[in-house]
Protein chains: 2
Amino acid sequence: MPLNLPRTIEFVDGRVRFINQLKLPHALEYVETSDWRRVAEAIRRMEVRGAPAIGVAAAFALALAAYHTRARVVDEAWKELEVCAEELRRTRPTAVNLFWAINRVLEAAKSAGSVEELRRAVVETALEIQRADEEANRRIGEHGESLIGDGDTVMTICNAGSLATSYYGTATAPLYAAFERGKRFKVLVLETRPYLQGARLTAWELHRVGIPVKIITDNAIGIVMQKERVDLVITGADRITRKGYVANKVGTYPLALVAKEHGVPFYVAAPTSTIDLTIERGDEIPIEVRPGSEVTEIYGVRIAPEGVDALYYAFDVTPPKLVSGIITEKGIVYPPFEKNILKVTT
Amino acid sequence: MPLNLPRTIEFVDGRVRFINQLKLPHALEYVETSDWRRVAEAIRRMEVRGAPAIGVAAAFALALAAYHTRARVVDEAWKELEVCAEELRRTRPTAVNLFWAINRVLEAAKSAGSVEELRRAVVETALEIQRADEEANRRIGEHGESLIGDGDTVMTICNAGSLATSYYGTATAPLYAAFERGKRFKVLVLETRPYLQGARLTAWELHRVGIPVKIITDNAIGIVMQKERVDLVITGADRITRKGYVANKVGTYPLALVAKEHGVPFYVAAPTSTIDLTIERGDEIPIEVRPGSEVTEIYGVRIAPEGVDALYYAFDVTPPKLVSGIITEKGIVYPPFEKNILKVTT
């Protein structure tokens, strides 16, 4: 039975169709457009979010620009592409996948000798980026699903789900693969303040597929492991150092610490492109500090007294000693990470 | 300079005046009444909350009933008191302090030989309960303030503040005492989902007093200890076993675990009446499970997909190995708790 999981973003016949994630979990609404500017706007407004999904969206925006160009000569088409790329780069300036995808598409288009060649190179490269994203996720699923047993309870945080990618997700990939193989298990997802991606997005996609899911507050990780059986934790990752330090959504590190205390295996699921070999230690990873107002207001209602601000780090760093393994598209990497990470990256 | 800290609840000349905490942090509004039923309603509606404050409010409700009785004979006045007590018992059935305060007032009134004697016994006992609450908190402050140094950063969770008591608070008592002695320090308070007592109440009272305070999400405990200097954690307690297991607001246990990992002292501030000598282990403490809807809705806005529920334990249990000390009105109790708790309770 195919997974009842809608595609986050698609490119078909010169049109891009994507889920407006701002409407979730209340409504599943698609936006369909042939205008690359609308896709750029979707990235900026976070209708599309999640690093891999942003990369694919940027590639598809360039594909729209090339597909619909009225340029007669290749230089003119190339200039249009550069305008598009420049606007895309300004949408989410910290998203690494965005820049990587843009550069890869431009690189492919560079040597085109005609408008038609450029068009074909751009569209094919964009589609290839989407296929590679999905393929990596499916392999993460294949490698990771063996960790999940029938009747298990799995815990996760934030949305490293299908919605954060073009399809299937990273942390959710082992769940979907296990579910497709007929395993039955349940998931507890941390709501993930302040943006509540766990409650809004991960709960939505798991529920839709038919995987039983319950939400817990981020501070409930302790009592839930004291009171309930939890068999496994799987989270995504934003960046992994060569020694195995994992930067991920704020709250991941306390979750790993509580899991360790209760003997619950803690796995990270991420493609090898997440591994940054240029840095070793966790404190070398820059951690984004965002406006306190994103914490002190919920749906426009202020929760803090006037004059009191919040301190909001968007990510934290989990040290390798708390990580049981890293599920990549090339297999599960086990400790010692310093040695074994190199085996999947070189 | 006196602390700019309004009294949570007062009994003056046959009237009770209390802060309506449902209006905080947006407005400081008082309710003033001579009707004991209005005080019972305030407890039920959580206009007054926090175990010690609820106990004082119940005693004051009985004091209003006795003060304004039109009974001519003592038996009649006693019957009115029993009606009042019965209604109070139904307001928050799990609050231990509520029952304790009601019983203490009734006990004092039992032997009254006249309406006037009953009236005096009830009012004086109620005022004595309030004075004893404040006195215990001030002593907790005196014992605990030495833990705080100039320039320190202190972390706390939920509201074990002045608003949870008649005045001065428990976890906040060392902060207020240190501040009154001229020490300058700052506080980071966890917002404390789902009810946000940290963001709404603790931040409000500290800010009002002039103690610099910032809010963090509950999941930020890890990154904040990775990035910022934190010198001390102080929390309240709902119940402490004779071996030193501490039941407190959900999120306290992960906070203690992260503090231990980072070498940050973790103290619990609570009067000795919080210690339950009848139980030893943490898993003997009943943990209230509340409706998932209290998690899945924030200010009336649903954050979860339709059909997805939350699992909501309201408290967790911190094991004694993570507790540096328990600050009581009789002094700070240090490990081994099994031995030293008996010294302050017997």
Side-chain angles (χ1 to χ4, degrees), chain A residues 24-26 157 188 190-194 196 199-200 203-204 206-208 213-224 226-228 249-258 261 282-283 287 292 295-296 298-299 301-318, chain B residues 24-26 157 188 190-194 196 199-200 203-204 206-208 213-224 226-228 249-258 261 282-283 287 292 295-296 298-299 301-318:
Chain A
L24 291 174
H26 305 293
I157 182 172
L188 293 171
L190 279 62
E191 61 175 6
T192 321
R193 280 277 291 145
L196 301 164
R200 291 194 303 108
W204 179 83
L206 295 176
H207 180 62
R208 189 180 167 88
V213 56
K214 281 199 177 182
I215 294 163
I216 62 171
T217 51
D218 300 302
N219 55 17
I221 49 178
I223 185 67
V224 168
Q226 284 170 336
K227 289 286 184 185
E228 312 268 325
K249 181 63 41 164
V250 62
T252 304
Y253 166 43
L255 176 58
L257 204 55
V258 173
E261 181 74 10
D283 58 11
I287 301 294
V295 169
T296 54
I298 303 181
Y299 289 113
V301 178
R302 193 170 165 87
I303 62 164
E306 284 306 320
V308 176
D309 197 10
L311 176 64
Y312 174 20
Y313 291 98
F315 303 92
D316 64 21
V317 178
T318 301
Chain B
L24 292 175
H26 305 292
I157 182 171
L188 293 171
L190 279 62
E191 62 175 5
T192 321
R193 279 278 291 144
L196 302 163
R200 292 194 304 109
W204 179 84
L206 295 176
H207 180 62
R208 187 177 168 91
V213 57
K214 281 198 177 181
I215 294 163
I216 62 171
T217 51
D218 300 302
N219 55 18
I221 50 178
I223 184 67
V224 168
Q226 284 171 336
K227 289 287 184 184
E228 312 269 325
K249 181 65 39 164
V250 63
T252 303
Y253 166 43
L255 176 57
L257 204 55
V258 173
E261 181 74 8
D283 57 12
I287 301 293
V295 168
T296 54
I298 303 181
Y299 290 114
V301 179
R302 192 169 166 90
I303 62 165
E306 284 306 320
V308 175
D309 197 9
L311 177 64
Y312 173 21
Y313 290 98
F315 303 92
D316 64 20
V317 178
T318 301

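Each chain gets a letter, A, B and so on, in the order its sequence line appears, and its residues count up from 1. Being a predicted model, the structure only gives us computed values, none of them experimental.
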S.K.: Give the member of A:Lys249, A:His207, A:Arg302, A:His26 that has the highest number of heavy-atom pairs under 4.5 Å with chain B.
M.R.: A:His207
S.K.: A:Leu257, A:Ile157, A:Ile216, A:Thr192: which one forms the most heavy-atom pairs within less than 4.5 Å of chain B?
M.R.: A:Leu257
S.K.: Under a 4.5 Å heavy-atom cut-off, does chain A meet the side chain of B:Glu306, its backbone, both or neither?
M.R.: backbone
S.K.: At a heavy-atom distance under 4.5 Å, which candidate from A:Pro194, A:Gly307, A:Gly292, A:Gly282 has the highest pair count against chain B?
M.R.: A:Gly307
S.K.: Where is the tightest heavy-atom contact between B:Pro254 and A:Asn219, given as atom of each residue plus distance?
M.R.: CG-O, 3.9 Å
S.K.: Can you tell which part of B:Leu196 gets under 4.5 Å to a heavy atom of chain A, answering side chain, backbone, both or neither?
M.R.: side chain
S.K.: For B:Arg193, give me all partners under salt bridge (Lys or Arg N to Asp or Glu O under 4.0 Å), at least two apart in sequence or on another chain.
M.R.: A:Glu191
S.K.: With rounding to the nearest 0.5 Å, note down the distance linking OG1 in A:Thr217 to CG in B:Asp218.
M.R.: 7.0 Å
S.K.: What are the two closest heavy atoms between A:Val308 and B:Val213, and how far apart are they?
M.R.: CG1-O, 3.7 Å
S.K.: What distance do A:Ile298 atom CD1 and B:Ile303 atom CD1 have between them, rounded to the nearest 0.5 Å?
M.R.: 8.0 Å
S.K.: How far apart are the closest heavy atoms of A:Pro25 and B:Ala304, and which atoms are they?
M.R.: CG-C, 3.7 Å
S.K.: Which pair of non-hydrogen atoms, one from A:Ala199 and one from B:Pro305, has the smallest distance, and what is that distance?
M.R.: O-CD, 3.2 Å
S.K.: Between A:Val258, A:Asp309, A:Leu188, who has the most heavy-atom pairs with chain B when the cutoff is under 4.5 Å?
M.R.: A:Asp309
S.K.: Please report, to 0.1 Å, the donor-acceptor pairs under 3.5 Å made by any side chain of residues 310-317 of chain B, with sequence neighbours excluded.
M.R.:
residue: B:Tyr313; atom: OH; partner: A:Glu228; partner atom: OE2; Å: 2.5
residue: B:Asp316; atom: OD1; partner: B:Tyr253; partner atom: N; Å: 3.2
residue: B:Asp316; atom: OD2; partner: B:Gly251; partner atom: N; Å: 2.9
residue: B:Asp316; atom: OD2; partner: B:Thr252; partner atom: N; Å: 3.4
residue: B:Asp316; atom: OD2; partner: B:Tyr253; partner atom: N; Å: 3.1

